[in-house]
Amino acid sequence: LRTLNLGILAHVDAGKTTLTERLLYAAGVIDEVGSVDEGSTQTDSLELERRRGITIKSAVVSFVIDGVTVNLVDTPGHPDFIAEVERVLSLLDGAVLVVSAVEGVQAQTRVLMRALQRSRIPTLIFVNKTDRLGARPEEVELEMADLDDDPHPIYFGSAITGAGIDTLGHAIATLLPPSEGDPGGPVEATCFKVERGPAGERIAYVRMFSGTLRVRDRIDERRKVTAIKVFDHGGAVTRQATEAGEIAKLWGLGDIRIGDTLGAAKAAHDTHFAPPTLEAVIRSSGTANRGALYTALAQLAEQDPLINLRQDDVRQELYVSLYGEVQKEVIQETLAADFGLDVEFHDTTTICIERPNGTGAAVEIMHKPPNPILATIGLRVDQAPAGAGNEFRYEVELGSIPMAFHKAVEETVHAALRQGLNGWEVEDCTVTMTHAGYAPRQSHAHQGFSRAMSSTGADFRNLTPLVLMGALAQAGTTVYEPVQHFLLEVPADTAGPILPVLTKLRATPQAPAMRGRACTIEGEIPSARVHELQQQLLALTRGEGVLEVAFSSYQPVRGPAPSRPRTDNNPLNRREYLLRVLRRV
Ligand SMILES: Nc1nc2c(ncn2[C@@H]2O[C@H](COP(=O)(O)OP(=O)(O)OP(=O)(O)O)[C@@H](O)[C@H]2O)c(=O)[nH]1
Ligand SMILES: [Mg+2]
């Protein structure tokens, strides 16, 4: 049987989960079509999803059409949960992009379409809700043809009534290419989801790209597969093995994290969507201590790596990164329901990034003042093209210091880049090691190993941030803020007063376009000002204005650069830094 790993993607409320139910029903997996509004669907299985009637986590279900086993991944449509979509893109053989025939193409539809095109995922379009009053399928078809220079097959129908579902199902089975991969080859697999079982054990969802994994197979010295389940006919069934093409749940993989690979699989590094642009302080309002909150959040971050915890030991605060208000509420409710913790969010701010302005270099030589540490490190910082990410390179011979010290420097460089000159994460920065030296393991005659005379990993860890910040300071950095693309639709007679408001909020609107009695304005606006625009819009448009936003890019901050309080030992202040780290040693 051929296997097709299929993603269902769309803007919020387009009908992905309902369509999933309909396909399961058509394939004979369920006898009754479940309802999102009654909380009875297969894929919205979390308590919170059922209560809220929205999808929060991606979920997998399996069925057979026309002789093809389809592993369907139902994804959330709300932009706050875009990370869930990101994680499944790399495992898809094909996708159905759903658009509502009533609401039509939305900002999120464009974002998803671009991501599907960039990842070269064969896609079918399904225009849903044709049964509803106000459905305008022909117009939506035209809107999609603007959007898409390489048109995809398009289908129409209704997940509620079942119209058009058989045709869509047949197209899924015949037009989309099934997965390839040799079950006899070396094991290659990627983990895209982690959840905790009833006993608290970690369960990894992996997509098998090549080879076969069996129960009791060793992954490495520490880890062994202890159980396997494969998706089949609506549920997950226990198997002795899983092979190329399949999606499996694996037990026994210990501390596996989302994005980890097994065997020779290529790690997916390209990101298709914007990272979270908000950060907030999270505090427990009950009697629970900060340790309990940290443990709970760490467990959530395991299932959602972009929650990105930052701990500030100086101010005793915990920070989490966020996409938006709905995600905040979901985290709050999950902490209350699963961990019994009441939390509040404070001081929500926009997350900026820093990029180096050019090239800078610094070097510290051992035994040579002012370097008090027993290690030699030279680093050069270069600006990389936007979006290239951070990279660490060597210009010294690999044998010049022991491998463990190389590793220590590399790891510390990546950690130290999380806080640049203004405290923001440094991006698109190439760091090259230009000097390296150490004092070999020595001892006085008849005495044991002497710390005072021999370099240790800690020496390299302590010295690296100092050298790196020296190089970065020489290069200089620019702070960039996240900017959203907005599409504003307002009654034509209210457009006049809106333009000056947009300018005041530092937006850059294009010329307004009139469409009958409606006026649309497109442009860019700093993420930090979207909330204000939303609030003012109500009064300015008698509540009739509709605002759509989607992340566009990072732009240099005009005026004084905002900074973020540091949570490390502050290598920018040499004296204090050395006092802190040397005392700690
Ligand atoms: N009339 C009509 N309503 C539909 C149709 N499909 C879905 N709905 C309704 O639209 C609402 C949203 O449906 P969902 O299936 O939850 O949409 P979704 O795309 O999964 O939403 P998220 O996962 O939260 O992004 C529900 O109230 C559905 O009953 C359809 O074809 N016709
Ligand atoms: Mg859904």
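Counting convention: from 1, in listed order, for ligands and their atoms alike.
- Judged purely by atom type and a 3.5 angstrom limit, Thr348 has no side-chain atom pairing as donor or acceptor with the backbone of Ala280.
- Ranking protein heavy atoms by distance to atom 17 (O) of ligand 1, first place goes to Gly15 N, 3.1 Å.
- Annotation: Val12 places no N or O atom under 3.5 Å from an N or O atom of ligand 1; distance criterion only.
- Salt bridge annotation for Arg50-Glu47: absent, with no cationic side-chain nitrogen under 4.0 angstrom from a carboxylate oxygen.
- Here the protein heavy atom with the shortest distance to atom 10 (O) of ligand 1 is Lys129 NZ, 3.1 Å.
- For the pair Glu195 and Lys249, the salt-bridge criterion is met [side-chain N within less than 4.0 Å of a carboxylate O].
- Distance from atom 29 (O) of ligand 1 to its nearest protein heavy atom, with residue and atom name: Asp37 OD2, 2.9 Å.
- In summary, Thr17 places an N/O/S atom under 2.8 Å from the Mg ion (ligand 2), meeting the contact criterion.
- A salt bridge links Arg51 with Glu333: at least one charged nitrogen is closer than 4.0 Å to a carboxylate oxygen.
- Considering backbone and side-chain N/O atoms, Thr55 comes within less than 3.5 Å of an N/O atom of ligand 1.
- If you check which protein heavy atom lies closest to atom 18 (P) of ligand 1, you get Lys16 N, 3.4 Å.
- Considering backbone and side-chain N/O atoms, Asp44 never comes within less than 3.5 Å of an N/O atom of ligand 1.
- Closest protein heavy atom to atom 12 (C) of ligand 1: Asp13 OD1, 3.3 Å.
- One N or O on the side chain of Arg202 and one on the backbone of Ile256 form a donor-acceptor pair closer than 3.5 Å.
- The protein heavy-atom contact nearest to atom 6 (N) of ligand 1 is Asn128 ND2, 3.1 Å.
- Proximity of Val98 to ligand 1, defined as any heavy-atom pair under 4.0 Å, is not found for any part of the residue.
- For ligand 1, the atoms closer than 4.0 angstrom to any heavy atom of Val36 are 14 (P), 15 (O), 16 (O).
- Atoms of ligand 1 found under 4.0 Å from any heavy atom of Ser158 (numbered from 1 in listed order, with element): 30 (C), 31 (O), 32 (N).
- Because its NZ or CZ atom is both nearer than 6.0 Å to the ring centre of Tyr319 and within 45° of the ring axis, Arg310 counts as a cation-pi partner of that residue.
- Between Lys193 and Ala59, the closest heavy-atom pair is NZ-CA, 4.3 Å.
- Checked for salt-bridge contact, Arg87 and Glu84 meet the test: a charged N lies under 4.0 Å from a carboxylate O.
- Because the distance cut-off is set at 2.8 Å, Thr41 fails to qualify as a neighbour of the Mg ion (ligand 2), as none of its N, O or S atoms comes that close.
- Using 4.0 Å as the threshold, Ala14 has a heavy atom nearer than that to some atom of ligand 1.
- With hydrogens and angles disregarded, no donor-acceptor distance shorter than 3.5 Å links the side chain of Glu21 to the backbone of Val33.
- Looking from atom 3 (N) of ligand 1 to the surrounding protein, the closest heavy atom is Ile160 CG1, 3.4 Å.
- The environment of CD in Gln535 is crowded: more than 12 heavy-atom neighbours from other residues, nucleotides or ligands sit within 6.0 Å.
- Ion pair Arg136/Glu141 not flagged as a salt bridge, since none of the NZ, NE, NH1 or NH2 atoms sits closer than 4.0 Å to an Asp/Glu carboxylate oxygen.
- Ionic pairing of Glu246 and Arg207 is not present here: no N-O contact between side-chain nitrogen and carboxylate oxygen is shorter than 4.0 angstrom.
- The contact set between ligand 1 and Asp131, taken as ligand atoms under 4.0 Å from a residue heavy atom, comprises 1 (N), 2 (C), 30 (C), 31 (O), 32 (N).
- Less than 4.0 angstrom separates some heavy atom of Arg132 from each of these atoms of ligand 1: 1 (N).
- Close N/O approach between Ile54 and ligand 1 is not found [any backbone or side-chain N/O within under 3.5 Å].
- Ligand 1 has a nitrogen or oxygen under 3.5 angstrom from a nitrogen or oxygen of Thr18.
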